[in-house]
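Worksheet: one structure, shown below.
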Amino acid sequence: MIKKNKTWFFGLHADPPKMFRVILAILPFVILIGVYLVASDIRHRENPQDKLLPTIAKIGKALKKVAFTEDKRTGDYLLWTDTISSLKRIVTGILLSACVGFVLGLNMGLLPGIRGLSLTFITFIANIPPLAILPILFISFGVGELGKVMLIFLGTFPLIARDIHLAVKKIPREMIVKALTLGASQFGVIYRVVYPQVLPRLIDTVRLSLGSAWLFLIASEAIAAQSGLGYRIFLVRRYLSMDVIILYVGWITFLASIADFMLRKWIAVRYPWYNP
Amino acid sequence: MKSEVQSSIQQHQPSSINHLLFVEDVVKVYGDKVVLADIDLAVTKGEFCTLVGPSGCGKSTLLRLILGQESPTSGRMTVEGKEILHPSPERGIVYQKYSLFPHLTILENIMLGKQLPLPFWKGISVRKEAREEAMHYLESVRLAEHAEKYPHQLSGGMQQRVAIAQALIMRPKILLMDEPFGALDPGTREAMQVLILKLWEEHGMTIFFVTHDLEEGVFLGTRILVISQHYTDERNHEGDAGRGSKIVADYPLKTTSTRVKETAEFGRLIQRIRCDGFDPEHLQDVTQFNLEHSDSFQSL
Ligand SMILES: Nc1ncnc2c1ncn2[C@@H]1O[C@H](COP(=O)(O)OP(=O)(O)OP(=O)(O)O)[C@@H](O)[C@H]1O
Ligand SMILES: [Mg+2]
């Protein structure tokens with residue numbers, strides 16, 4: 001038998017077996033939780049009232065309070081109402097910027113006229129730090145839902161538009177000519193050749209833009225809101241409720257990971273040709 | 001023999017009416033670089049023209065002009081008397097790559113030509129017939145069992161077969177091919193050559209085939225065109241260095257079996273073409289090109 005000279009971990013040619021890959025993936029999480037538990041334990045031994053690194057039990061209690069007990073003041077289950085109001089904002093914002101970015105990007109990629117009109121402007125807009133104009137947004141659109149949605153929209157659509165523009169321009173000229181020799185009209189080229197080819201790219205770009213969308217959501221909720229995941233985190237900060245904060249951060253991370261996973265799956269199932 | 005050729009030239013005055021494809025005085029300039037200098041060409045229906053020449057001499061450029069993908073700097077090009085303006089279904093194209101649409105299955109790629117010319121709703125209603133016709137073409141390139149796969153799941157040779165079927169379903173007046181087998185291994189390449197000859201006979205097509213492989217050109221064609229920038233011009237010696245390509249040789253060919261590649265005549269012909277078009281040391285004057293084909297003409 002040929003001796004395979006392959007390591008499990010070190011070097012360019014490392015080839016970890018399947019089980020070992022799973023262990024590798026889990027390992028950093030285990031280390032993080034382990035370090036936290038040890039640190040929390042040390043601090044609690046010195047001071048049982050420690051607020052900075054709450055124990056698992058305390059976080060569990062906080063979970064019970066925010067997720068499964070009615071709030072005394074409002075009668076709501078806080079975690080769920082916060083989640084729903086935050087999701088509404090982020091989904092509206094990102095859908096809006098996906099639609100606008102897609103239409104704009106397609107037009108910029110296909111029509112030299114529209115490209116001349118908007119490319120420089122969009123590139124300029126993209127350089128405005130969205131958080132810096134948050135006060136302007138709140139003043140002009142109000143501190144209600146609209147201001148927050150606008151922040152998410154303005155913060156994400158230029159990138160989506162530019163990315164779609166690049167994707168359209170990357171379609172080889174030969175392919176467009178080929179479609180014309182198959183009898184396509186200009187409209188047919190767009191709807192049968194260009195549009196379906198950049199659709200999965202849109203999903204991918206939205207997936208990557210979700211990271212900044214969350215940032216803008218939390219930032220706008222921190223400043224002015226009556227509910228929302230970001231609002232709650234900044235509210236309980238006043239009472240140093242690390243247990244609730246950690247819980248909410250974990251929950252947000254979980255939601256974001258789920259969204260990312262589902263978008264990736266969507267592409268893989270629906271567009272198998274996209275990442276061959 | 002000679003006088004026969006002469007008389008057939010007189011009967012068949014090259015013109016946009018007598019010929020399927022007619023190209024006259026075509027010049028193509030990119031920036032200040034002349035790529036094609038005064039190309040004259042007439043092609044009869046049913047001809048299998050192969051076009052060879054040194055790398056970078058402008059073969060693909062000429063093909064793009066005939067396709068309508070670009071327009072000539074000056075000159076006239078017609079298909080059946082009609083001027084070439086834009087790419088259109090009467091001229092099919094098979095490129096070396098990018099011929100297939102990655103987001104469609106093999107069958108959908110071939111059906112596309114049946115559906116694209118129609119408005120969207122009609123495209124849906126003819127779907128069933130289009131499928132059947134596409135299947136028929138897919139069978140003729142022996143890929144029926146791969147109908148539901150995506151292009152990236154097929155080998156290079158299979159993809160080119162799909163691209164050929166995709167172009168054939170349009171029944172183009174002239175099929176243009178730009179080094180379609182250039183990226184294939186020798187075995188696959190030979191099988192593809194036999195296939196394209198078979199399809200050419202079955203469909204009575206006119207093919208314009210660019211290749212940098214002389215053997216392929218001589219084997220496939222009924223007519224071989226050599227374009228090259230290696231020639232002299234008695235009337236004007238200044239531009240010798242940076243002049244654009246011309247058709248420097250144009251012969252009729254008669255080859256029918258794969259065995260022909262081993263014959264001495266085949267070898268001699270290739271030697272001659274290599275000398276005419278590819279040897280920078282061997283320069284002929286514009287008045288002395290070997291334009292033996294009966295459709296050949298030159299406006300000096
Ligand atoms: N769009 C363009 N702009 C400027 N120059 C061009 C352009 N297209 C082609 N050329 C030039 O025209 C010349 C001919 O190019 P072309 O691709 O037609 O050659 P070719 O004979 O097909 O070569 P090959 O055998 O390598 O495919 C080259 O020198 C190339 O640099
Ligand atoms: Mg070329």
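Proteins come first, then strands; the chains are lettered A, B, ... in the order of their sequence lines, and each starts at number 1.
Applying the ring-ring contact (aromatic ring centres under 6.0 Å, His included) test to every pair with at least one member in residues 85-108 of chain A, sequence neighbours left out, gives these pairs: A/Phe102-A/Tyr195.
Contact tally against chain A (heavy-atom pairs below 4.5 Å) for B/Gly113, B/Gly68, B/Gly92, B/Pro87: the top residue is B/Pro87. Top candidate by heavy-atom pairs under 4.5 Å with chain A, chosen from B/Pro119, B/Ser99, B/Pro102, is B/Pro102.
Note that CD1 of B/Ile93 is 12.5 Å distant from CG of A/Leu180, once rounded to the nearest 0.5 Å. Summarising the geometry, atom CZ belonging to A/Arg192 is positioned 6.5 Å from atom CG belonging to B/Leu104; distances are rounded to the nearest 0.5 Å.
Counting heavy-atom neighbours within 6.0 Å of A/Tyr191 OH, excluding the residue itself, gives a total of 12 or less. Around atom CZ of A/Phe20, more than 12 heavy atoms belonging to other residues, nucleotides or ligands sit under 6.0 Å away. More than 12 heavy atoms of other residues, nucleotides or ligands lie within 6.0 Å of NE2 in B/His203, so this atom counts as buried by the packing criterion. With a 6.0 Å radius and a threshold of 12 heavy atoms from other residues, nucleotides or ligands, A/Arg21 has its CZ atom above the threshold. For A/Gln186, the CD atom counts as loosely surrounded, since its 6.0 Å shell holds 12 or fewer non-hydrogen atoms of other residues, nucleotides or ligands.
Nearest heavy-atom pair across B/Leu67 and A/Thr181 is CD1-CG2, 3.8 Å. Heavy-atom minimum distance, B/Ala167 versus A/Lys178: CB-NZ, 4.2 Å. B/Gln69 approaches A/Arg173 most closely through the heavy-atom pair O-NH2, 3.6 Å. Of all the heavy atoms in A/Gly183 and B/Pro89, the pair that sits closest is CA-CG, 3.5 Å.
A 4.5 Å side-chain heavy-atom check between B/Gln166 and A/Leu182 finds at least one atom pair inside the cut-off. Side chains of A/Gln197 and B/Phe101 form a contact here, defined as non-hydrogen atoms less than 4.5 Å apart. The closest side-chain heavy-atom distance from A/Glu174 to B/Lys97 is not below 4.5 Å. By the 4.5 Å heavy-atom criterion applied to side chains, B/Tyr95 and A/Val177 are counted as neighbours.
In this structure, chain B has heavy atoms under 4.5 Å from both the backbone and the side chain of A/Pro272.
With B/His152 contributing its side chain and A/Tyr274 its backbone, the two residues share no donor-acceptor pair below 3.5 Å.
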